[in-house]
Amino acid sequence: MNTPIFQRLFKHAFELMKNQSFIIRYSAPLFFALSLFSSGAVQPEPVDSKQREQQRELFKKAEYAAKRGRLSEYRLLLKKLEGYSLVPYLELARLEQVGYLANEDRVLAFLEKYDNTPLDWQLRKPWLTYLAGQEESARFIRDFRYPGTLTHRCQFIEAQRENGLSDGPFRRQVDAIWEHGFSLPSACDPILKKWESLGGRTDEKIWNRLQLAAEHGNPTLIPYLTGLLPELQQYLGEFYHKVRYSPAAIEDSSWFKGRYPGKEAEIAAFALTKLVWRNENIALRSYKTLRPQLPFTEQQQERIAEEFAVALSLKSHPEARVWHDRVPVNALNERVLQWRLAIYLKDKDYEGLRNAIQSLPVAIRQGNQWRYWLARTQEITGNALVAQQLYEDLSDERHYYGFLAAARLQKPVSLEHEKLEVSVVQLEQIRHHPSVQRAYELIQLERWVDARREWNHLLTQLDGEEQKVAAYLASEWGWHDQAIWTLAQIGHFDAVGIRFPLAYKDILGRASQAAGIDENWALAITRRESNFRHDAYSSAGAKGLMQILPGTAKQLDTKNNSWRRLNDPSVNVRLGTDYLSRLKHRFENNWLLATASYNAGYYRVRDWLPEEPVSADEWVETIPYHETRDYVKAVLSYQQIYRMLGGDEDNLFEQVVDMTIVDTE
């Protein structure tokens, strides 16, 4: 056999095997794989690029014909597409159009062949809906796969009940359905009625669901659930509903009737954690009044202490430290610790911060953030030699605090990166995986949602080493967001070249030059915003590579900024770099403040500026929004990495350590 793929593999293997270490690691499996190729056991000869383009055009025509019931045209085109990786999508399109029971064999064959793949659910979902509508309970039970939709889960339980499911298992399954803080679909009503008749709906279960609705779900469900409670307990539901919207209602002592003190304590604890953000003084006063009256549990006390500590720190309240001291060590989390750090920094109590860090549990104290701030406080309090050693330990590490430490020592930054090495055998095995082939073709057709579904499914089928190969392959395709995401999923962070690609470099370079900003800054912002996914979008409505909001786009450019236009890389990058330039100018060329503003907005950042000068590293730690705080740290780090990948060894963070932040207005 003398196929192009065999020739390419053999040539590549020959070059690689000039390296002795490669012979030791890969030669045996490679020759085994080559023998499979030579015997025709692995993959048929690939088509050339021109033929592949023709297949893509035929695919689009065949799909169009399938969806419109033009069967003769569809079948003719299907014959021409034999062996094409997206043929299953044509069968899916066809099966979605035909009467299901009349084609049950084809549906079942398709579901069996593509079980647990993205293709499976796209057919299984409408198939199950159809079976439920036809009251085909036996077929529904046969073809249901957990978890399904909530509607299908309820229909599955009902079908099981009709086919003899006993009371015990039936009640347990409906218990799980009931435990939702949102309204349930109407398809659940039949099983809920049967469950209720069997005594499944107890007062305690009603209360638990009411609590879920109040604290984590839809509060409009509370009145309905309140009506299900016994009359003597209904005041509790009314009280929960009241404090959900107006937590200061806990000042009204008439709500605390003493009939169910444990449940009253639950409501009060919830209300206090909300009230402290709205009016901290009322919250503090209410807690002092209620603490002796209600049997708060240890867990409730911890919850109140955590929320009070964080809220009072953010508000610079004098009692903040008191509440930090009330959070037990076993309840410390990143949120509490961050604001414990911030309050010491705001008070400029460096000695207190040093002692607080040294008293943290070892597992926490060894975190990058705490190692850096221990070094800083040692430096500020006069322990220069201790600080230098601590900085030294951090300075060779590739992260925000490592870069800061290197800048403090005025030493070169280390990227600590390594090239991701994969074997030819592994690469070809992954390349010929059906999900990979479908994903690649879907990318060429710009069907990004389907492509990502296929890729995500692929990752569930691979082990860690194989996922590295998949990330390498995605990078080879220029599918950078998936390469970055895949490596992050397995915690492989040292392949810097793949994790920080120079994607859209020409576009970003030209736009940055036109806007008068650092190209590496624009690259870093884009990497953080979208991982170079051109069609990225956020829940807030931001679009494209640099995540431009339509409102921002309108201010920058009066043209029609449709989502299609904002997803155009050249348009999106031009707007994004222009916006960065304007923000930098408004902050008197301070790119750090402009970075924070790109995430949080100009006026919020202005509100965060201190009246007295503060070092930049301290200011970053006291940014109120955790998202913006993490964003600034990430962008600064990425900017440094991109500088070094471009050959600039200077440490950007030397500017950061020399920078002070102050409100100049």
Side-chain angles (χ1 to χ4, degrees), residues 43-44 47 51-134 136 139-153 155-156 431-461 477 479 482 535:
Q43 184 72 16
V47 295
Q51 187 176 349
R52 185 66 78 202
E53 283 294 336
Q54 291 173 343
Q55 287 180 321
R56 289 169 193 149
E57 290 303 313
L58 289 172
F59 170 82
K60 287 187 278 189
K61 292 177 181 179
E63 188 176 49
Y64 183 88
K67 289 181 176 181
R68 280 152 185 79
R70 288 150 54 169
L71 290 182
S72 58
E73 180 184 351
Y74 168 72
R75 289 170 182 147
L76 181 63
L77 290 166
L78 192 61
K79 287 181 180 179
K80 296 180 181 180
L81 285 166
E82 186 175 352
Y84 183 52
S85 59
L86 294 188
V87 165
Y89 281 87
L90 295 178
E91 179 69 356
L92 175 65
R94 179 67 190 132
L95 288 173
E96 287 175 335
Q97 305 301 316
V98 298
Y100 280 127
L101 284 181
N103 291 276
E104 182 178 20
D105 290 345
R106 288 172 61 188
V107 170
L108 295 180
F110 186 94
L111 293 176
E112 181 180 2
K113 185 173 182 179
Y114 299 105
D115 185 31
N116 197 34
T117 73
L119 287 155
D120 173 296
W121 183 240
Q122 292 182 73
L123 182 61
R124 193 177 299 275
K125 182 179 179 180
W127 172 244
L128 290 173
T129 300
Y130 169 77
L131 292 178
Q134 297 294 312
E136 292 282 351
R139 285 183 166 95
F140 192 100
I141 292 170
R142 178 194 66 194
D143 297 332
F144 176 80
R145 296 289 183 273
Y146 189 85
T149 65
L150 195 53
T151 291
H152 288 154
R153 284 174 62 189
Q155 290 168 338
F156 177 62
R431 195 190 302 276
H432 289 84
H433 190 289
S435 287
V436 170
Q437 296 216 331
R438 290 196 294 265
Y440 181 78
E441 285 304 306
L442 289 164
I443 291 170
Q444 307 314 305
L445 294 169
E446 297 187 356
R447 290 172 55 157
W448 302 102
V449 173
D450 285 328
R452 291 187 180 97
R453 283 177 181 154
E454 290 284 0
W455 192 262
N456 292 337
H457 166 69
L458 168 73
L459 296 182
T460 66
Q461 311 300 306
W477 293 349
W479 203 15
Q482 289 303 311
D535 63 335

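Basis for what follows: all heavy atoms, side chains included, without hydrogens, waters or symmetry-related copies.
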(request) Measure the CG-CG distance between Leu58 and Leu86 for me, rounded to the nearest 0.5 Å. (result) 12.5 Å
(message) Taking the side chain as everything from C-beta on, heavy atoms only, tell me whether Leu90 gets closer than 4.5 Å to Tyr84.
(response) no
(message) Run the side-chain contact (heavy atoms from CB on, under 4.5 Å) test on Tyr440 and Arg431 for me, step by step, so that the C-alpha distance in whole Å, both residues' side-chain angles and the decisive distance to 0.1 Å come before the verdict.
(response) CA-CA 9 Å; Tyr440 181 78; Arg431 195 190 302 276; over 6 Å; no
(request) Give, for atom CG of Leu111 and atom CG of Asn116, the distance between the pair rounded to the nearest 0.5 Å. (result) 12.0 Å
(request) Using a strict 4.0 Å threshold on nitrogen-to-oxygen distance, state whether Lys60 and Glu63 make a salt bridge. (result) no
(request) Test Ser85 against every option in Glu454, Gln437, Gln55 by the side-chain contact (heavy atoms from CB on, under 4.5 Å) rule and name the one that passes. (result) Gln437
(request) Supply the atom-to-atom distance Tyr74 OH to Leu81 CG, rounded to the nearest 0.5 angstrom. (result) 9.5 Å
(request) Would you please name every residue forming a ring-ring contact (aromatic ring centres under 6.0 Å, His included) with Phe156, sequence neighbours left out? (result) Phe144
(request) Could I get the full list of side-chain hydrogen bond (donor to acceptor under 3.5 Å, both in side chains) partners for Asp535, not counting sequence neighbours? (result) Arg452, Arg533
(request) Would you mind checking if Glu441 and Arg52 are paired as a salt bridge, meaning a charged N to carboxylate O distance below 4.0 Å? (result) yes
(request) Check whether any side-chain heavy atom of Leu442 lies under 4.5 Å from a side-chain heavy atom of Arg453, and answer yes or no. (result) no
(message) Working to the nearest 0.5 angstrom, can you tell me the gap between His152 NE2 and Asp143 CG?
(response) 11.5 Å
(request) Sequence neighbours left out, what pairs pass salt bridge (Lys or Arg N to Asp or Glu O under 4.0 Å) with at least one residue falling in residues 89-113? (result) Glu91-Arg106, Glu104-Arg139, Glu104-Arg142
(message) Distance check, rounded to the nearest 0.5 Å: Thr151 atom OG1 versus Leu128 atom CG?
(response) 11.5 Å
(request) Could you check if a side-chain atom of Tyr64 sits within less than 4.5 angstrom of a side-chain atom of Glu73, using non-hydrogen atoms only? (result) no
(request) Determine the minimum heavy-atom distance between Pro88 and Tyr114, stating which atoms define it. (result) CG-OH, 3.0 Å
(request) Could you pull out all residues at least two apart from Arg75 that satisfy side-chain hydrogen bond (donor to acceptor under 3.5 Å, both in side chains)? (result) none
(request) Using salt bridge (charged side-chain N to carboxylate O under 4.0 Å, His left out) as the criterion, list what pairs up with Arg124, not counting sequence neighbours. (result) Asp115, Asp120
(request) Nearest 0.5 Å please: distance from the CG atom of Asp450 over to the CH2 atom of Trp455. (result) 15.5 Å
(request) Check salt bridge (charged side-chain N to carboxylate O under 4.0 Å, His left out) between Glu82 and all other residues, then give those that pass, not counting sequence neighbours. (result) none
